[in-house]
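Note sheet for the following structure.
Numbers here simply count residues along the sequence, with the first being 1. Here the structure is a predicted model, which is why all the values come from computation and not from measurement.
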Amino acid sequence: GVSIAAQDGAGNLTVVSPADVTVDGSSPQPLEVSLSTDTARFGTAVTLTVLFDEPLGVAPTLGWEMPAGDPGFVLLSESATSATYLLVTDATTPNGDLRLATIDVEDVAGNAGQLVLDDEATLHIDSIVPEVSALATNRPRFSAVSGFDDVSVTFDLNEDLTDGDLAVSF
């Protein structure tokens with residue numbers, strides 16, 4: 001702590017102590033990095049929360065490793081030791097895997113640093129809505145009569161549905 005001693009010309013002395021002072025020589029470190037989900041589709045709201053070991057002076061800046069473009073996370077809220085960001089996926093959101101690679105931070109004492117992360121926060125984004133086009137059948141009318149009951153349906157898709165579902169109904 002810090003003590004202050006004051007003495008006047010007549011020899012009167014007063015000592016005031018202690019005032020708590022912390023010497024801080026390091027930048028904030030993340031205690032936890034969490035995503036609300038690890039997979040986002042069109043219209044998904046994703047939150048990213050980062051908790052730190054000491055009070056921040058400014059909101060952290062996120063550095064993403066991704067296939068293309070800025071994913072668009074915006075600062076939703078912050079407290080002394082945390083920051084929460086929000087992304088709502090839409091047609092402009094880059095698709096693919098994106099990983100939070102760095103966080104630029106600064107604490108209340110002015111200690112700044114860039115934190116390099118491993119795999120604490122990886123998000124798979126698929127904001128492409130499947131579109132069916134060129135829908136056709138082998139004939140305009142069908143029957144339960146043998147020979148008229150075979151139905152062939154053809155169509156085109158704008159994306160691979162390997163991990164998805166496809167339903168055809170009559």
Shortest non-hydrogen contact from S27 toward G113
CB-N, 3.9 Å

Within 6.0 angstrom of L13 CG, more than 12 heavy atoms from elsewhere:
yes

Got a sec, which pairs hit side chain to side chain donor-acceptor pair (under 3.5 Å) with one end in residues 71-80, sequence neighbours left out?
S79-S82

Could you work out, with salt bridge (Lys or Arg N to Asp or Glu O under 4.0 Å) as the rule, every residue matching R41, not counting sequence neighbours?
none

Determine yes or no for a side-chain-to-main-chain donor-acceptor pair under 3.5 angstrom, with D156 supplying the side chain and N158 the backbone.
no

Under the side-chain hydrogen bond (donor to acceptor under 3.5 Å, both in side chains) rule, collect the residues that match up with D8, sequence neighbours excluded.
N12

Can you find a pair of side-chain heavy atoms, one from L75 and one from Y85, that are under 4.5 Å apart?
yes

Got a second to check how far L123's CG is from R99's CZ, nearest 0.5 Å?
13.0 Å

Any non-hydrogen side-chain atom of L86 less than 4.5 Å from a side-chain atom of V46?
no

Separation between CG of L48 and CG of L76, rounded to the nearest 0.5 Å
11.0 Å

Answer whether the closest heavy-atom distance between the side chains of T37 and L35 falls below 4.5 Å.
no

Does any non-hydrogen side-chain atom of T93 lie less than 4.5 Å from one of V88?
no

Does some side-chain heavy atom of P30 sit less than 4.5 Å from a side-chain heavy atom of L117?
yes

Roughly how far apart are I125 CD1 and L87 CG, rounded to 0.5 Å?
5.5 Å

Atom pair CG (N95) and NE2 (H124), whose distance is rounded to the nearest 0.5 Å
7.5 Å

Please set out all donor-acceptor pairs under 3.5 angstrom arising from side-chain atoms of residues 100-107, sequence neighbours excluded.
unit_1	atom_1	unit_2	atom_2	d
D104	OD1	Q114	NE2	2.9
D107	OD1	A109	N	3.0
D107	OD1	G110	N	3.0
D107	OD1	N111	N	2.8
D107	OD2	N111	ND2	3.1

Quick one: list whatever passes side-chain hydrogen bond (donor to acceptor under 3.5 Å, both in side chains) with S146, sequence neighbours left out.
none

Could you list the donor-acceptor pairs under 3.5 angstrom formed between side-chain atoms of residues 49-61 and any protein atom two or more places apart in sequence or on another chain?
unit_1	atom_1	unit_2	atom_2	d
T49	OG1	T84	OG1	3.3
D53	OD1	Q29	N	2.8

hydrophobic_cluster_shared for L135 and V151, side chain cutoff 4.5 Å
yes

